[in-house]
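Letters go in sequence order (proteins before strands), and every chain restarts at 1.
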Number of protein chains: 2
Amino acid sequence: MKSRPVAKPRRGERKSKRVTILDVAEDAEVSFAAVSKVLRNAYGVSDGLREKVNASIKKLGYTPNTAARGMRGRTFVLGTIFPDLRNPFFSDILAGIGAALERTPYQSFLGIEVHSTAPALIQSMIDMQMDGLIVVGSTEPESYLSKVGERIPMVTVGYHLPQITTFDSVNNNDAQSARLTVQHLAKQGYKKLVMLSLETTIGNVIEERERGFLSQAEELGLAGAKVVRAPQTLRDIQVAARRILDEDRPDAIFCWTDFVALEVISVAESLGRSVPEELAIVGHDNTMYCDFEQNSLTSIDQSGEQLGLQAARLLVERIEGRTEAQHLVSQPRLVARNSSAHRG
Amino acid sequence: MKSRPVAKPRRGERKSKRVTILDVAEDAEVSFAAVSKVLRNAYGVSDGLREKVNASIKKLGYTPNTAARGMRGRTFVLGTIFPDLRNPFFSDILAGIGAALERTPYQSFLGIEVHSTAPALIQSMIDMQMDGLIVVGSTEPESYLSKVGERIPMVTVGYHLPQITTFDSVNNNDAQSARLTVQHLAKQGYKKLVMLSLETTIGNVIEERERGFLSQAEELGLAGAKVVRAPQTLRDIQVAARRILDEDRPDAIFCWTDFVALEVISVAESLGRSVPEELAIVGHDNTMYCDFEQNSLTSIDQSGEQLGLQAARLLVERIEGRTEAQHLVSQPRLVARNSSAHRG
DNA sequence: CTGAAAGCGCTAACAA
DNA sequence: TTGTTAGCGCTTTCAG
C-alpha cells in the first residue's frame with residue numbers, strides 16, 4: 001500500500017513555515033517585486049506603497065532570507081577572522097567593529113582559527129556569500145591574501161603592506177610601539193634590554209616591533225639589546241623567561257603582548273626577582289589585566305577599538321564601490337605603571 | 001544611443017566566476033545531479049562515478065555555495081552565541097566546540113552580543129539558514145528561548161531547565177561550585193564569607209551559585225554568610241569590593257568569575273589587606289590568569305572545553321534527528337592555590 | 001510607478 | 001545506477 005500523498009514533511013518540517021516576501025506582498029496587496037524594491041530602497045517607489053509594505057512587514061514579522069538574498073545580490077553579512085580568543089585585545093577590536101556597524105544594515109559574524117585554518121574559514125565565508133572580510137592577525141602569506149582580496153572585499157588588521165592594491169589594511173605603528181618602550185625604559189634608568197618576541201610571525205607586526213626595538217636601542221646607545229623568540233604557549237613562555245632571567249640577566253624585558261608579560265612577572269616573582277626594582281616589565285595592548293594592582297603592568301596602548309572601527313569603515317566603503325586601496329596606520333601610546341617605575 | 005549589450009558587469013563583477021556544480025558535471029562528463037549525489041553521499045552512486053566526480057571537484061577547486069544549499073537543505077553551518085569575548089572562559093568552550101566538530105562536515109561561526117542583542121543575532125543566524133545554534137550564557141527569558149528551540153535545533157550552555165523539551169542544555173553544577181568553595185574555605189579556617197555575585201542574571205547560573213553558597217554556609221554553621229551583587233564593569237566591581245572590605249569585613253570572598261576575583265585582590269592589595277592571611281579570595285572558571293604567581297588564585301574549574309564539546313555533540317545529534325531533549329550537568333572541581341592558603 | 005518573468009546554485013523527488 | 005525536473009526566496013531586468 002502506497003503512503004498517501006501528504007504534504008512532504010522532509011527534514012525542515014519542524015520549522016514553522018517562514019514568512020516570505022510573497023506573504024508580505026499578499027498582505028499588503030501589491031506584487032512581490034514591489035516588496036523587494038521597498039526592502040532594497042530601490043528607486044521608484046511611492047510613499048503610499050512603501051508605507052503599506054512596511055506595515056505588513058512589521059505586522060508579519062518578516063525578515064529576509066539571507067541565503068536567498070545571497071544567490072542574487074548582497075547578504076549584508078560580513079565575516080571577521082581572529083586567530084584566537086584568548087588575547088583580550090581582540091575583544092577591543094570587536095567592540096570597534098560593532099560600533100562602526102551599529103547604524104548600518106551590516107552584521108558581522110566571527111570565525112576563529114582554533115581548529116580551522118584561516119583559508120578554510122575564508123572559503124566558508126565566501127561560500128556563505130558574505131559581502132566582505134576583516135582578517136585580523138593573519139599569518140598567511142601575502143600572495144594568498146592578495147588573491148583573496150581579488151575575490152572579495154577585504155581589510156586586514158595587523159598586516160601592513162602599503163603597496164598592496166587588492167585590499168585595505170589598518171595597523172598600529174608597531175615599530176613606534178617598540179621605540180616608545182625603549183625610550184621609556186632608558187629614561188627610567190634601565191640599561192640591559194631584552195625583547196621577548198613571538199616565534200611565528202603575525203603579518204609583519206612582530207618584525208616591525210623587533211626592528212623598532214633594536215634600532216631605538218642602538219640609537220640610545222643601549223648595548224647588548226637582544227631579541228628572544230618563543231611560541232605562544234604558557235609553557236614555552238615560562239621556559240624562555242627563565243632562561244632569559246638566568247642567562248641574559250637583563251634589567252628590563254619588553255614582551256610582545258600583555259599575557260606574556262604577566263607570565264614573565266610570574267616567573268620573576270617565583271625566582272625572587274623584584275619587579276620593578278631589579279627588573280622592569282613592559283607589555284603590549286594595554287588590556288584590562290594591566291590595571292590590577294598585583295600586575296600594574298606598563299603597556300603600549302594600540303587602541304584596538306579604533307583599529308576595529310576603521311577596519312569596518314574601510315570594508316563597507318570597499319563593498320560600496322571604492323577600488324583604490326587604503327592603508328591606515330595609527331600611533332600607539334605608552335601607559336606607564338609600576339612594573340617599570342623604579343631605577344631613578 | 002543605446003549601450004551595447006555586454007555581459008552585464010553588476011556589482012559582483014570583481015569576483016571571478018565561481019565554479020559551480022555544473023562545471024564539475026561538465027568536467028566529469030556526468031549529469032549535475034550525479035555530482036550533487038556524490039556531494040551529499042546519497043544512496044546509489046557507483047564507485048567509478050564517485051571517483052570521476054571527486055577528481056573533477058579537486059581539479060577545479062569546487063566548493064559548494066552555502067547560500068544555494070541553504071535554500072533547499074542543510075548548510076552545515078552552526079551558529080554559536082557568546083555574551084562577550086572578555087571572559088577567557090569562553091575560549092575554552094570554543095575549543096571544545098571546535099574539537100567536537102573537527103571530524104564532521106559542520107562549521108561554526110560566532111555571534112557576539114556586544115552591539116547586537118541575542119534575539120537579533122539569533123534571527124540573523126536563522127536567516128542565514130544555519131542548521132543549529134549553541135547559545136552560551138544567555139540572559140533571555142525561558143519563554144523566548146523555548147520558542148527559538150521550536151524553530152531551529154538549539155543547545156544552551158549555562159541555562160539549565162531540566163523540564164524543557166524544545167532544546168538541549170549543557171551545564172556545570174553551579175550549586176556544587178559554590179558548595180565546594182564554602183567547604184574549602186571552612187576547612188582552611190575562614191569563617192566570615194561573602195559572595196560577590198552578578199547583578200544581572202545569566203540563565204539560572206548565578207542563582208544556583210548563590211543558593212549553593214548560602215545553603216552550604218548554613219549547613220556548616222558559618223553565620224552571617226552574605227551575597228552582594230554588582231554589575232560586570234570594573235568600576236562597579238571596585239566600588240562593591242571596597243564597600244564589602246570596609247563594611248562587611250569578611251575573611252573570605254567568593255567571586256562569580258575570575259576577573260572579578262582578580263579585581264578584588266587588586267582592591268585588597270591597594271587597601272593593605274594581605275591575601276590570603278587576612279583575606280581569602282576564590283574565583284570561578286579557573287582561567288589561565290589564576291596560575292600566575294602574582295595572582296595564584298584558587299578557582300573552580302568547570303571545564304569549558306567539556307561543556308563546549310558536549311554542546312556541539314548534542315546539537316549535531318538534534319540536527320540529525322533526535323527529538324527528545326537531553327540535559328547534561330557536569331561536576332566542577334576546586335583548584336586550590338595561594339589565595340586561600342592560610343588560616344591554619 | 002508597478003508588475004511579470006527570468007534566473008542564482010543547489011537538493012530531492014521521480015522517471016528512465 | 002543515472003538523469004530529468006521542479007522549485008527554494010530573492011534581485012533585477014524589462015514591459016506595461
So how far is it from B:Leu101 CG to B:Thr80 OG1, rounded to the nearest 0.5 Å? 8.0 Å
Kindly indicate, with the supporting measurements, whether the criterion side chain to side chain contact (heavy atoms under 4.5 Å, CB included) is fulfilled by A:Leu49 and A:Val30. CA-CA 8 Å; A:Leu49 194 150; A:Val30 298; 4.3 Å; yes
d(CZ, B:Arg40; C1', C:dA12) in whole Å: 6 Å
Protein-nucleotide distance (A:Arg72, atom CZ; D:dT12, atom C1'), rounded to Å: 6 Å
Between B:Ile112 and B:Asp84 the two heavy atoms that sit nearest each other are CG2-CA, 3.7 Å
Taking all atoms of both residues into account, what is the closest heavy-atom pair of A:Arg18 and A:Asp23, and its distance? O-OD2, 3.7 Å
If you assign B:Lys37 and A:Ser46 each to the DNA chain C nucleotide with the nearest heavy atom, which residue ends up on the more 5' nucleotide? A:Ser46
Side-chain N,O (A:Ser36) to OP1/OP2 (D:dC10) below 4.0 Å: no
Side chains of A:Arg50 and A:Ser46: any donor to acceptor distance under 3.5 Å? no
OP1, OP2 of D:dT11 versus side-chain N and O of A:Arg69: anything below 4.0 Å? yes
For A:Ser169 versus A:His327, what's the shortest heavy-atom pair and its separation? OG-ND1, 2.7 Å
Does a nitrogen or oxygen in the side chain of B:Thr20 sit under 4.0 Å from OP1 or OP2 of C:dC8? no
Between B:Val45 and B:Ala68, the residue closer to the 5' end of DNA chain D by nearest nucleotide is B:Val45
Protein-nucleotide distance (B:Gln129, atom CD; C:dG9, atom C1'), rounded to Å: 14 Å
Within-4.5 Å side-chain heavy-atom neighbours: A:Met130 and A:Leu78: no
Given C:dT11, D:dC10, C:dT2, which nucleotide is nearest the side-chain atoms of A:Ile21? D:dC10
Atom CG of B:Leu22 to atom P of C:dC8: distance rounded to whole Å? 9 Å
Atom CG of B:Asp23 and atom C1' of C:dC10 are separated, to the nearest Å, by 13 Å
How close or far is atom C1' of D:dG9 from atom CE of B:Met71, stated in whole angstroms? 4 Å
B:Asp127 CG to D:dC8 P, straight-line distance once rounded to whole Å: 18 Å
So if I take residues 24-33 of chain A and measure heavy-atom distances to DNA chain D, which residues fall below 4.0 Å? A:Phe32, A:Ala33
Provide, to the nearest angstrom, the distance between the CG atom belonging to B:Leu39 and the C1' atom belonging to C:dC10. 9 Å
